[in-house]
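The analysis underlying the following values was restricted to heavy atoms, covering all of them including side chains, and did not include hydrogens, waters or symmetry mates. Each ligand, and each atom within it, is numbered from 1 in the order the structure gives.
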Amino acid sequence: MLSIGIDDTDSSEGMCTTYLVFKLIQFLIKENATIVDYPLLIRLNPNIPWKTRGNGALCIRVKDIDEDRLFMHLKYLIDTYAHVGKRSNPAVVIFSAIDDEVREFSRKALYTLLKRSEGFRLAEKADRVYFKGNGQGLIGAIAAVGSVLNEHTYELLAYRYANNCKRKRILSKEDVIAMDKATYPYTFNNYDYNHNRILLTPHGKDPVFLGIRGEEPNILIRAIKMLKIEEELEGYTIFKSNQGTNAHLTNRIETLKPYTSGYIEGSIEELYAHKGGHTFFSINGIRCAVYEPTGLSAVAQRLVKGDIVRVGGGIRKASKNHPRVLNVEYIQVLKLTDIKLTLNPICSCGKRLKSAGRNKGYKCESCDFKGFKEREEVIVKREDIDERLYIPTPKAHRHLTKPLQRYGLKSKDYPLIDGWYVSNHVKVAGGGFSA
Ligand code: ATP
């Protein structure tokens, strides 16, 4: 079996590495290769500084194909489609054997910043390597090949023709909402009900018309058929992915190296709200920033000193004006502390007493009582916050953010089903967009 890894073919001006894989599959089908599983769309550390958008890397595993012809075609695809020179450094690798070192590299690519020299060293283990630019793309390409998914989801990505890529993507909100409701909880992040916004469509000039994410391939095909798409599309592919799994946040942050992702746990030390609606607090001496657009800032403001929390996120590099902070991506309230207030005592008539003046004890406003009594300690109920997980509003989700509805669902593996790949350029069983 050959594992092909590809990364960094796009720029902010266009392209998407998933589209290159869509084109690659056309070739594989024409060559009668055996495609072993859904292509993998692996999201790597979202906190690295040079990603274009979502730090996605791709892998596809195939058998029954001539490796020379395959490699030649991969080079052709990179040369034809990759946006070289626009801050992209495309790379493709083919591995016929994947060892523990490659797997470990892949695991670390999810939550640390890896060195390019490490990528070059591991590339020596590949059967074939092709890259352009500075070789940065090798990191993602190798990481995609070595990835092991403990939990996974699927995404159907539908592609536009090149001459439509600058046009607005048109979809009806009503259709999307109806599809979302009909497929809940087996698709996710279709629509943000807090902000009345469609989440399926990207906004750039890339060839992706829409992406539907969910738990199984079948439901994604059902979902796309529920949408009225006026624009003629080139086709779609279903990918298997670590999106929606929080895979980057499973690492306990030990060192505060910039760009590390993971989580920390501890009790809230100091906490203050900042102008612009952001909230800052510290845990174990680490400053944590909760930004307003995440929708988590309001939750953070209800925390108090002594609450025990786990927070997930990425370490942002210190700048001239800001110290190193952890940008918070979720807050799990583990233990709310009691807020104790000391109040004036209660009078025997039931009314709360007022102070009678300095060192003069208390007086009652409803009966004649005047005198000394012990102050009362009360525990205030924490009604505005619970011991549970809080995640950002869907609009602010990163690709890897695990949506609430996914908690408790178990990922399953599915074989390639009819219609997993549809292209107007090759015939495959079960193709077609119409219902
Ligand atoms: P996409 O648009 O497909 O979602 P992206 O465009 O945001 O992804 P890429 O174009 O893939 O991101 O660029 C990310 C670059 O960073 C690639 O060159 C990749 O090899 C590299 N990279 C990925 N993860 C790491 C990491 N953990 N450490 C260092 N470099 C990384």
Just heavy atoms, cut-off under 4.0 Å: does [X] contact ligand 1 by side chain, backbone, both, or neither?
X	value
Asn55	both
Arg43	side chain
Asp8	both
Ile48	side chain
Thr112	backbone

Decide whether an N or O pair under 3.5 Å exists between [X] and ligand 1.
X	answer
Gly56	yes
Leu114	yes
Gln136	yes
Asn89	no
Thr17	no
Ala109	yes

Item to complete: Taking only Lys NZ, Arg NE, NH1 and NH2, and the carboxylate oxygens of Asp or Glu, determine whether Glu151 and Arg406 approach each other closer than 4.0 Å.
Response: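 Arg406 and Glu151: salt-bridged.
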Between Lys412 and Glu215, is there a salt bridge with N-O shorter than 4.0 Å? no
Should Cys16 be listed as contacting ligand 1, given a heavy-atom distance under 4.0 Å as the test?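 Cys16: no contact with ligand 1 (<4.0 Å).
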Any atom of ligand 1 sitting under 4.0 Å from a heavy atom of Gly137?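 Yes, Gly137 has a heavy atom closer than 4.0 Å to ligand 1.
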Per side-chain hydrogen bond (donor to acceptor under 3.5 Å, both in side chains), Asn47 is matched among Lys317, Arg398, His248 by Arg398
